[in-house]
Amino acid sequence: MDTEAGVATYRFSVEEFNKLGEAGIFDEDDRVELLDGEIIVMSPIGSRHAGTVMQINWALQHKLDDRVLFNLQNPAVLDDFSEPLPDITLLKPRADFYKTAHPRPEDILLLVEVSDTTLAYDRGRKLRKYAEREIREVWIVNVNANRIERYCSPVASAYSIAEKKERGDQISIAAFPDVVFAVEELIG
């Protein structure tokens, strides 16, 4: 238990969080994730958000084909107390397709968060956690501004490279510098 100003709180571990799900505490349609031991209730997925995830996934699959495994809105285990649900993760190929364990930071080549109502959370607490766990590259797709924010090279709890890509710009993935996308292909 953590204590702050005389108030006790309880941090859930990933194992406990998953047991809550197995026990039926969460409905299968509940959108919850675990970050630093706290259960975060996520916003429902609207059509613009869902369509953007599909468009990005389609563009990535079209150009990357079998070089990666595509993981949509599934858990990634960052540490013993964090299991977020990124919108898209590009994973190192693995023969078991991650059936024996959720991906960990060292498996992730790119993590994409599509953000419309949760931009402050995605840019703040969540991005810091991704940097702390050394996720090599994160894209935050700002749906409302039609922009991709690209974060690379994590150092401590921040990224040393932060770029904003607008329509008319090009973007590539650090793990695949030979593959270039027009921003319009991803969020057109």
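With respect to D178 and R67, a salt bridge is recorded, a charged nitrogen being found less than 4.0 Å from a carboxylate O.
At a threshold of 4.5 Å between side-chain heavy atoms, the hydrophobic network of Ile, Leu, Val, Met, Phe, Trp and Tyr places F26 and L34 in one connected group. When hydrophobic clusters are built by joining Ile, Leu, Val, Met, Phe, Trp and Tyr residues whose side-chain heavy atoms come closer than 4.5 Å, directly or via intermediates, V77 is not grouped with L109. When hydrophobic clusters are built by joining Ile, Leu, Val, Met, Phe, Trp and Tyr residues whose side-chain heavy atoms come closer than 4.5 Å, directly or via intermediates, L69 is not grouped with V112. There is no path of hydrophobic side-chain contacts, each under 4.5 Å, that joins I173 to I108. Taken together through direct or relayed side-chain contacts under 4.5 Å among Ile, Leu, Val, Met, Phe, Trp and Tyr, V53 and M42 form parts of separate hydrophobic clusters.
A distance of 11.0 Å separates CD in E185 from CD1 in I171, rounded to the nearest 0.5 Å. The line from CD of E163 to CZ of R150 is 5.0 Å long, rounded to the nearest 0.5 Å. Distance check, rounded to the nearest 0.5 Å: CD1 of I25 to NZ of K19 gives 13.5 Å. To the nearest 0.5 Å, atoms CD (E22) and CD (E15) are separated by 9.0 Å. Of the inter-residue distances, the one linking S115 atom OG with D122 atom CG reads 4.0 Å to the nearest 0.5 angstrom. Atoms CG and CZ, from L119 and R147 in turn, are 9.0 Å apart once rounded to the nearest 0.5 Å.
The backbone N or O of T89 lies less than 3.5 Å from no partner atom in the side chain of N71, so there is not a single donor-acceptor pair. Side-chain atoms of N74 come within 3.5 Å of backbone atoms of L72 as a donor-acceptor pair (strictly under, hydrogens ignored). Of the possible donor and acceptor atoms, none in the side chain of K165 sits under 3.5 Å from a partner among the backbone N and O of V183. Looking only at distances, a side-chain donor or acceptor of R133 sits under 3.5 Å from a matching main-chain atom of L78. Checking side-chain atoms of K92 against main-chain N and O of E106 turns up a donor-acceptor pair under 3.5 Å. Under the 3.5 Å distance criterion, the side-chain polar atoms of D107 are matched with a main-chain donor or acceptor of R104. Judged by distance alone, with hydrogens and angles left aside, the side-chain atoms of S13 form no donor-acceptor pair with the main-chain N or O of F81 at under 3.5 Å. With hydrogens and angles ignored, the 3.5 Å screen pairs no side-chain donor or acceptor of E149 with any backbone N or O of V141. Checked by atom type and distance alone, the side chain of R136 never pairs as donor or acceptor with a backbone atom of P154 at under 3.5 Å. Counting only distance, with no hydrogens or angles, the side chain of D30 and the backbone of V32 share no donor-acceptor pair below 3.5 Å.
Closest approach of N142 to R123, counting heavy atoms only: ND2-NH2, 3.6 Å. Across D66 and P93, no two heavy atoms sit closer than the pair O-CG, 4.5 Å. Of all the heavy atoms in K129 and D36, the pair that sits closest is NZ-OD1, 2.8 Å. Counting all heavy atoms, side chain and backbone alike, S172 lies closest to V179 at CB-O, 3.2 Å. Of all heavy-atom pairs spanning E33 and Y121, the tightest one is OE2-OH, 2.8 Å. Among all heavy-atom pairs drawn from V14 and S82, the shortest one is CG2-N, 3.6 Å.
Cation-pi geometry between R94 and Y98 is satisfied (NZ or CZ under 6.0 Å from the ring centre, within 45° of the ring normal).
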inquiry  = The test is salt bridge (Lys or Arg N to Asp or Glu O under 4.0 Å); show your working for D116 and R48 and say whether it passes.
reply    = CA-CA 9 Å; D116 46 4; R48 189 167 179 205; over 6 Å; no
- Given the rule in the side chain to side chain contact (heavy atoms under 4.5 Å, CB included) test, do F70 and L91 qualify, once you have shown the distances and angles that lead to the verdict? CA-CA 6 Å; F70 299 87; L91 303 172; over 6 Å; no
Please report the C-alpha distance between E184 and R167 in whole Å, then the side-chain angles of each, then the deciding distance to 0.1 Å, and finally whether the salt bridge (Lys or Arg N to Asp or Glu O under 4.0 Å) criterion is met. CA-CA 6 Å; E184 294 80 15; R167 293 172 187 256; 5.7 Å; no
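In the displayed structure, E166 atom CD is contacted under 6.0 Å by more than 12 heavy atoms of other residues, nucleotides or ligands.
Between F176 and F181, the distance separating the two ring centers is not shorter than 6.0 angstrom.
In summary, the side chains of Y130 and E137 do not present any donor paired with an acceptor at a separation below 3.5 Å, with no hydrogens or angles considered.
Contact check for D87 versus H49: side-chain heavy atoms found under the 4.5 Å cut-off. Looking at W139 and L111, their side chains never come closer than 4.5 Å, going by heavy atoms from C-beta outward. Looking at heavy atoms from C-beta onward, H102 lies in side-chain contact with P75 at the 4.5 angstrom threshold. Residues R125 and I40 are in side-chain contact: their nearest non-hydrogen atoms beyond the backbone lie under 4.5 Å apart. Residues F12 and E38 are not in side-chain contact: their nearest non-hydrogen atoms beyond the backbone lie 4.5 Å or more apart. Proximity of I39 to L20: side-chain heavy atoms (C-beta onward) are separated by under 4.5 Å at one or more points. Contact annotation: the side chain of L90 approaches that of L60 to within less than 4.5 Å [non-hydrogen atoms, C-beta and beyond]. Here the side chains of I88 and I56 are in contact, with some heavy-atom distance below 4.5 Å.
Between H62 and W58, the two ring planes are parallel [angle under 30°; tilted spans 30° to 60°].
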